[in-house]
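So the structure is just underneath, and the comments pick up after that.
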Amino acid sequence: MSDRRILVTAALPYANGQIHIGHLVEYIQTDIWVRFQKLRGNRTVFFCADDTHGTAISIRARDEGRTEEEVIAEMSDAHQRDFAAFGIEFDNYGSTNSPENRELCGEIWQAIRDAGLVKEKDIEQLFDPEAGLFLADRFVRGTCPNSECNAPNQPGDNCSKCGRTYSPAELIDPKSTLSGATPEVRTASHLFIELSQLHSFLDEWSQSGKHLQPEVANNLRGQFLGDPNSEEGAKELRDWDISRPAPYFGFEIPDSPGNFWYVWFDAPIGYMASTKQWCDRTGEKFDDWWKSDDTEIHHFIGKDITYFHTLFWPGMLKTAGFSLPEKVHIHGFLRVDGEKMSKSQGTFIMGSTYLNHLEPDYLRYFYASKLGPGLGDIDLNLEEFVNRVNSHLVGNIVNLASRSAKFVSGGTLCEEYPDDGGLFAAAAAKADQIAEFYEQCDFASATLEILQLADEANRFINDRAPWKLNKDPEKAEEVRQICSIVLNLFRQVAVFLQPVLPKLAEQAGELLNAPISNWDDAKTPLTGTPVSEFKHMMQRITKAQVDAMVDESVVEEPADEGSVDNESPWNDGPEALAAEPMTEECTIDDFVKVDLRVARVIEAKDVPKANKLLNLTLSLGGGETRNVFAGIKEAYKPEDLVGRLVVCVANLKPRQMKFGLSEGMVCASGPGKADVFLLDIDDGAVPGQRVH
RNA sequence: GGUGGGGUAGCUCAGUUGGUGAGAGCGGCGGAUUCAUAACCCGCAGGUCGGGGGUUCAACUCCCCCCUCCACCA
């Protein structure tokens, strides 16, 4: 048994929203790894905190008529409640808006200053005069400045149509998505860290093969660092803009009044601040954890924030003289039934909603069984979820205890472990292999291996059939031996799964009156302890429960989360209007030029070569039809459209498209792609009627 | 558009440095059993390994092109 000292972090959840099942992939993954290390006897601590700073928090606070502090306090409580419910145990849960964090930010900042990495540059940024805020790129929309594109309604950093990147100040006719106001261009001085000075260090650290998954190292090399040994050579690392001018919710930079550290500067330092709080509470020495070669630091993050954790963060730590991460473990995203989580489809499921319907251990097990060492996305196929939980957990693992304990309840396990044909020893021999899977975050392989052990145990009891022997009183001792073996095999499985299913390990401990506290408990059979009465440890689940959870998630709107809405019952935001500002006034004469008609979709066909188009045949009644190509492919299936009524522009000049002649348009709202919403009309309308 | 990572049985995924007839779990089908939360046990599944071209005695595994999905682009 090793005596490693390990500090683990999971990414800091942002204090702007509730924990959902996508977040939980990471926290469950990390918690499993931490519990595994603790079970192995390694000194392991697990820290996290709420990420609280930045413009989004200010906007939320303003919308809700509260202070930022009130918003983040409430959200921190909600986050911690959800984590606890899912069995995720932190040694300390802090906040980036803490005195410890402010102090550490100052210390690291000073070191970066002293190293000569900071420089000052003027930059132009858009300011919303109505909201009184500088606008982050995603809060600005306008027309793409590329003269060959000029796509309307594009965000402030790059065009979704032509892909061009630009600064928000270059946008044509920009609008704030907060207020709809036209932003002003303001020049402000920002502070930058010259990351290029750390280029050779970052090459070495990131490409060493020790700290990052190979895909991640490749990505950093291809995208940011370049390869000094290649023909193209190293790439220039751009300066990192780490300050924001007031007003900004964050920490003011001590030697630069009126400027605040950008949220991504102080967020990772929150790992240290959380450690500091724990040290102050427990009497531990901070430097033993962040400035010691005897401590391994492991970060767990999602692939979206790779760049901050693998370039800036090591750079900051190196410059300020702290320990570098031993490893940054990066995971993919969660998909549900093969698609992105979707609020409209009810697959954007909050942790608290899940808990209304299902036990947390099911999700812990399911994620564990899907998580490998790579950073591909994992899929929560809801039908598979039900099957896997029922089959693996209830039908296979728990079933071992269920079918054997009753024969010996009230008695004790054999004083000497009986001959089991080498089953227990063979499983014990796999302990190191399983441990290695856990160590490498290959939980899918670990659970697969463990499940095979349970399979063998089930085969064993099948072959020995104690329920037959039990009918002959003279064979009572043989029955007891068989059940002692099966219960030991069950316990062994429970030990191996303890990091994933801590509750099951506890239940196994209670059943056999011997708590599971160490990985090595799987290596020695238990003898002579009393066997309690068997109680069901897990219930089977049904698709109906899952469906109910999805249904509840459909209704749940993000505006409701965590707060009581006592103003408008709808709480419609300004984003949609700001995204497409009102056009100029028109007259009734202008309007009647457009002939809108009710039409029935009588045929709908996919256009295989088109990304967005469906080919619709619309009936206006009496044999009058229109052939229309509609850009709704990602939002509607052809078979769902046939028969329904829509509203169309019936007198639009026909247009020759690549795939055929389009003789009109169907009316719909929404930004496009999957978010397209066809106009419906109340019952009673008939095709051919004009819309006035 | 650029960078990186994927596209393998109905579903979710494994497939080491190219080589006996391509695997697992779940579902499905057949059988056996009845101790167990209709659980467990035995047997069956024949998928152009995204498409095309190339290298090779031999490619899912190497090279090129294309299609497609995902993330990132400070």
Side-chain angles (χ1 to χ4, degrees), chain A residues 137 146 149 157-165 192-193 195-196 213-226 235-242 262 264 302-308 310-312 330-333 335 337-340 366 369-372 374-407 442 444-445 447-449 451-452 454-471 479 482-483 486 534-542 608-609 611:
Chain A
D137 295 348
N146 178 359
C149 174
D157 47 0
N158 67 65
C159 176
S160 61
K161 192 173 171 195
C162 71
R164 168 85 153 262
T165 58
F192 289 77
I193 292 178
L195 206 60
S196 58
Q213 289 130 299
E215 304 96 303
V216 177
N218 291 346
N219 186 236
L220 292 176
R221 179 154 31 81
Q223 189 153 356
F224 300 106
L225 295 166
K235 286 189 183 180
E236 183 82 5
L237 284 166
R238 279 191 233 161
D239 299 335
W240 185 33
D241 182 357
I242 56 85
Y262 174 47
W264 265 111
K303 60 183 178 179
D304 54 329
I305 54 176
T306 295
Y307 154 76
F308 296 101
T310 57
L311 293 180
F312 292 131
I330 303 180
H331 61 80
F333 289 162
R335 316 195 112 228
D337 284 342
E339 294 182 23
K340 284 185 189 178
F366 186 81
S369 73
K370 303 289 277 191
L371 278 165
L375 53 164
D377 292 345
I378 71 167
D379 190 44
L380 170 57
N381 180 295
L382 295 173
E383 194 178 332
E384 184 192 17
F385 172 69
V386 172
N387 288 336
R388 193 171 287 215
V389 165
N390 288 341
S391 167
H392 290 197
L393 290 182
V394 182
N396 199 325
I397 294 168
V398 169
N399 193 222
L400 284 174
S402 181
R403 67 195 306 199
S404 60
K406 65 178 252 187
F407 298 115
D442 190 355
S445 295
T447 50
L448 196 64
E449 198 73 38
L451 207 68
Q452 286 172 5
D455 277 343
E456 287 176 32
N458 268 307
R459 268 194 289 277
F460 175 83
I461 192 168
N462 245 53
D463 294 344
R464 305 290 288 267
W467 49 90
K468 285 181 182 165
L469 304 175
N470 197 39
K471 290 169 183 161
V479 169
I482 292 166
C483 293
V486 173
F534 176 75
K535 289 181 286 196
H536 282 176
M537 296 175 175
M538 287 187 193
Q539 306 301 320
R540 297 172 63 81
I541 60 176
T542 64
K609 291 191 173 178
N611 293 327

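Remember, it's a predicted structure, so these values are computed and weren't measured experimentally.
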Heavy-atom nearest nucleotide on RNA chain B for A/Arg238 versus A/Leu220: which residue maps closer to 5'?
A/Leu220
In whole angstrom, what separates A/Asp239's CG from B/rC73's C1'?
17 Å
Output the single nucleotide from B/rU34, B/rU37, B/rA24 whose closest atom is nearest the side chain of A/Leu448.
B/rA24
Mate of B/rA22 across any strand shown (Watson-Crick or G-U wobble, both atom pairs under 3.5 Å) is none
Between B/rU56 and B/rC13, how many Å separate the two C1' atoms, rounded to a whole number?
30 Å
For the residue pair A/Lys340 and A/Arg335, establish whether any side-chain heavy-atom pair is separated by less than 4.5 Å.
yes
Distance check, P atoms only: B/rC57 and B/rG52, in whole angstrom units.
23 Å
Please measure how far the C1' atom in B/rA22 lies from the corresponding atom in B/rA59, and state the result in whole Å.
12 Å
Whom does B/rC72 pair with, Watson-Crick or G-U wobble, provided both distances fall under 3.5 Å?
B/rG2
Give a yes or no on this: more than 12 heavy atoms of other residues, nucleotides or ligands lie within 6.0 Å of atom CD of A/Glu236.
no
For A/Arg464 against A/Leu469, the heavy-atom pair lying closest together:
O-CD1, 3.8 Å
What is the distance, rounded to the nearest whole Å, between atom CG of A/Asn218 and atom C1' of B/rG6?
14 Å
Using whole Å, report how far CZ of A/Phe385 lies from C1' of B/rG25.
16 Å
Specify the residue among A/Leu311 and A/Asn381 whose closest nucleotide of RNA chain B lies further upstream toward the 5′ end.
A/Asn381
B/rA9 and B/rA71, which share atom name C1', separated by this distance in whole Å:
28 Å
Please state the C1' separation for the pair B/rC60 and B/rG23 - nearest whole angstrom.
12 Å
Considering every strand shown, what is the Watson-Crick or G-U wobble mate of B/rG27 when both distances are under 3.5 Å?
none
Atom C1', compared across B/rC44 and B/rU3: separation rounded to whole Å
46 Å
Rounded distance in Å between the P positions of B/rA45 and B/rC29
16 Å
From the set B/rU37, B/rG25, B/rU34, return the single nucleotide nearest to any side-chain atom of A/Val398.
B/rU37
Just the rounded figure in Å: distance from P of B/rU37 to CZ of A/Phe534.
8 Å
Taking a pair as Watson-Crick or G-U wobble with both distances under 3.5 Å, which nucleotide is matched to B/rU33?
none
Measure from CG on A/Leu375 to P on B/rG4 and round the result to the nearest Å.
14 Å
A/Asp379 versus A/Asp337, closest heavy-atom pair with distance:
OD1-N, 3.5 Å
In whole angstroms, how far is the C1' atom of B/rC26 from the CG atom of A/Leu393?
13 Å
Could you pull out the protein-nucleic contacts involving nucleotides 68-72 of chain B (nitrogen or oxygen on both sides, under 3.5 Å)?
{"residue": "B/rC70", "atom": "O2'", "partner": "A/Lys303", "partner atom": "NZ", "Å": "3.3"}
{"residue": "B/rC70", "atom": "O2'", "partner": "A/Asp377", "partner atom": "OD2", "Å": "3.2"}
{"residue": "B/rA71", "atom": "OP1", "partner": "A/Lys340", "partner atom": "NZ", "Å": "3.1"}
{"residue": "B/rC72", "atom": "O2'", "partner": "A/Gln223", "partner atom": "NE2", "Å": "3.4"}
{"residue": "B/rC72", "atom": "O2", "partner": "A/Gln223", "partner atom": "OE1", "Å": "3.2"}
{"residue": "B/rC72", "atom": "O2", "partner": "A/Gln223", "partner atom": "NE2", "Å": "3.1"}

Nearest whole Å is fine: how far is B/rU3 P from A/Lys235 NZ?
8 Å
Hey, does the side chain of A/Asn396 reach the backbone of A/Ser391 with a donor-acceptor pair shorter than 3.5 angstrom?
no
Counting C-beta onward and ignoring hydrogens, is there a side-chain heavy-atom pair between A/Arg403 and A/Ile461 closer than 4.5 Å?
yes
Exercise: identify the closest heavy-atom pair between A/Asp442 and A/Gly372
OD1-CA, 3.9 Å
State, yes or no, whether a side-chain contact exists between A/Ser369 and A/Arg388 at a heavy-atom distance under 4.5 Å.
yes
What's the gap between B/rG43 and B/rA38 when it is taken at their P atoms, as a whole Å value?
24 Å
Side chains of A/Asp241 and A/Ile193, heavy atoms from C-beta outward: is any pair under 4.5 Å?
no
How does protein reach along nucleotides 38-45 of chain B, written 5' to 3' as B (base within reach of a heavy atom under 4.0 Å), S (only sugar-phosphate), or - (no contact)?
-SBSS---
Test of ring centre spacing under 6.0 Å for A/Phe312 and A/Trp240:
yes
Describe, in one word, how the ring planes of A/Phe224 and A/Tyr307 are oriented to each other, choosing from parallel (under 30°), tilted (30 to 60°) and perpendicular (over 60°).
parallel
Tell which nucleotide pairs with B/rA14, taking only Watson-Crick or G-U wobble pairs whose two distances are both under 3.5 angstrom.
none
note: A/Asn387, atom CG; B/rC26, atom P; distance rounded to Å ~ 9 Å
